[in-house]
Amino acid sequence: MQHGPAVRRRKLGAELRALRTGAGLTSGEAARLVGWHQSKVSRIETGASGVKPADVRLLLDAYGVSDPQLRELLLVLAGSGGGQGRDHWWHAYRGVLPPTYRDYISLESQASDMRTLETSVVPGLLQTPEYARAVTRAAVEGLDEDRLDTLVEVRLARQDVLRSQPPLALSAVLDEAVLRREVGGPDVMAEQLRRLLEAARLPQVRLQVLPFAAGAHVGLTGPFVIFSFSNASDLDVVVLDHLTSSLYLERKEDVGAYTEAFDALRRNALSPEETLEYIAGIADGA
């Protein structure tokens, strides 16, 4: 269990090592190709040290990696603010957002699939502006209006991943408490429920509700997110959100356990079609 930057270094190093071996090169041969000492290649591959995006480009060129999506993802893992992927707009908020939140947004921006369990609030990617404002105000005490406006602006900008090409594929399981908790008052909540109904009809969104009648379930331990990435091997990561930080799980055993848990939650939840009816019933006051 580690914080975002360390996870990204290790994942980047593991992917670069796989690409090097796939190219039939030893670490010493790779080092000679780019004019480095062998120990630098080793430190990068083990995640012991960071690596600049320019150095990643050198290695990718040496390994003959031409896939633009894979190159972009690896450059993002190295902290690149450029590239041909989704726009790295969050860099404009460096003075406002904590590093862990920026790390989360960068992963979300480059992921191809996102699976999430929410037990308390609507996922950020599906929140309305007023719902986002109410949640942010409650979560962070003492916010002045300017900072609150900025954080809501960031929350809404994140939602562009659902409209990009290709869009992020979002699969969300919501505990019924998410729908029943009146955040921001009845009018705000009514609008939020309508937004969920609209989102559930999008082809890139799969929404399922876990009703109270389902009883105890594996998700009672808390919400989580699983990010997956296309054109990259073994880069899935689980994110656990806490009050003051986010923790990232990268071991295959951990990712596998959360993947199994999410699959179990989906089996116990209402189907997407039943979910539409259920949310509509709550929205109508049923």
Side-chain angles (χ1 to χ4, degrees), residues 1-88 102-115 161 164-169 171 225-239 248-260 262-263:
M1 184 179 292
Q2 299 188 15
H3 293 283
V7 169
R8 294 201 299 178
R9 284 199 305 270
R10 289 180 59 178
K11 286 188 172 295
L12 175 60
E15 187 67 16
L16 289 172
R17 182 171 61 250
L19 291 170
R20 173 179 59 75
T21 58
L25 298 171
T26 67
S27 58
E29 290 169 338
R32 285 193 293 273
L33 281 174
V34 295
W36 299 345
H37 193 279
Q38 187 271 340
S39 62
K40 179 174 180 178
V41 174
S42 296
R43 289 196 305 272
I44 290 172
E45 292 184 351
T46 59
S49 64
V51 55
K52 297 177 181 178
D55 288 343
V56 172
R57 290 189 184 93
L58 284 176
L59 291 174
L60 294 178
D61 290 342
Y63 303 158
V65 178
S66 58
D67 185 323
Q69 288 183 308
L70 178 55
R71 289 178 68 96
E72 170 64 16
L73 173 58
L74 298 181
L75 288 170
V76 168
L77 290 176
S80 171
Q84 298 175 352
R86 294 169 184 150
D87 184 25
H88 304 276
R102 295 200 305 268
D103 283 327
Y104 182 91
I105 295 173
S106 70
L107 289 174
E108 182 181 72
S109 174
Q110 293 302 316
S112 57
D113 297 88
M114 174 180 174
R115 288 162 285 175
V161 295
S164 62
Q165 292 300 323
L168 174 74
S171 180
V225 174
I226 306 172
F227 286 122
S228 298
F229 304 87
S230 61
N231 299 318
S233 63
D234 201 26
L235 285 181
D236 286 10
V237 61
V238 177
V239 184
Y248 296 70
L249 304 177
E250 60 166 328
R251 293 192 312 160
K252 286 185 179 180
E253 298 89 340
D254 294 325
V255 173
Y258 276 90
T259 298
E260 290 179 6
F262 189 78
D263 290 342

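These numbers come from a predicted model, not from an experiment. Below, each value reflects all heavy atoms present in this structure, side chains not excepted, and no hydrogens, waters or symmetry copies.
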Worksheet entry | Set of residues satisfying side-chain contact (heavy atoms from CB on, under 4.5 Å) with respect to T46, sequence neighbours excluded | A48
Item to complete: Taking the side chain as every heavy atom from C-beta outward, state whether T259 and R115 have any atom pair closer than 4.5 Å.
Response: yes
Fill in: Verdict with supporting geometry, K40 and D55, side chain to side chain contact (heavy atoms under 4.5 Å, CB included)
CA-CA 11 Å; K40 179 174 180 178; D55 288 343; 3.3 Å; yes
Worksheet entry | Residues in side chain to side chain donor-acceptor pair (under 3.5 Å) contact with S106, at least two apart in sequence or another chain | R8
Worksheet item: What pairs with A23 under side-chain contact (heavy atoms from CB on, under 4.5 Å), at least two apart in sequence or on another chain?
Response: L25, Y63
Fill in: Atom of L168, atom of A111 and distance for their closest heavy-atom approach
CD1-O, 3.4 Å
Fill in: Residues forming a salt bridge (Lys or Arg N to Asp or Glu O under 4.0 Å) with R71, sequence neighbours excluded
D61
Worksheet item: Could you give the distance from OG (S42) to NE2 (H37), rounded to the nearest 0.5 Å?
Response: 9.5 Å
Practice prompt. Identify which one of D254, I226, L107 satisfies the side-chain contact (heavy atoms from CB on, under 4.5 Å) criterion when paired with V237.
Written response: L107
Worksheet, complete the sentence: Here the pair of heavy atoms bringing Y248 nearest to Y104 is OH-N, 3.4 Å
Practice prompt. State which residues pass salt bridge (Lys or Arg N to Asp or Glu O under 4.0 Å) with D263; sequence neighbours excluded, sorted by chain then number.
Written response: none
Fill in: Non-neighbouring partners of R20 that pass side chain to side chain donor-acceptor pair (under 3.5 Å), sequence neighbours left out
E45
Discussion item. Just to verify, what does A62 make a side-chain contact (heavy atoms from CB on, under 4.5 Å) with, not counting sequence neighbours?
Written reply: L33, V34
Worksheet item: Can you list the residues that meet the ring-ring contact (aromatic ring centres under 6.0 Å, His included) rule with Y258, with sequence neighbours excluded?
Response: F224
Worksheet item: Sequence neighbours excluded, which residues qualify as salt bridge (Lys or Arg N to Asp or Glu O under 4.0 Å) partners of K52?
Response: none
Fill in: Donor-acceptor pair, side chain of S228 and main chain of D236, under 3.5 angstrom
no
Practice prompt. Supply the atom-to-atom distance S27 OG to W36 CH2, rounded to the nearest 0.5 angstrom.
Written response: 12.0 Å
Worksheet, complete the sentence: For R32, the salt bridge (Lys or Arg N to Asp or Glu O under 4.0 Å) test, sequence neighbours excluded, returns none
Discussion item. Give me the atom names and distance for the closest heavy-atom approach of G24 to E29.
Written reply: O-OE1, 3.9 Å
Discussion item. If the condition is side chain to side chain donor-acceptor pair (under 3.5 Å), which residues does E260 pass it with, not counting sequence neighbours?
Written reply: none
Practice prompt. Report yes if the side chains of L70 and L19 come closer than 4.5 Å at any heavy-atom pair, otherwise no.
Written response: yes
Practice prompt. State which residues pass side chain to side chain donor-acceptor pair (under 3.5 Å) with T21; sequence neighbours excluded, sorted by chain then number.
Written response: none
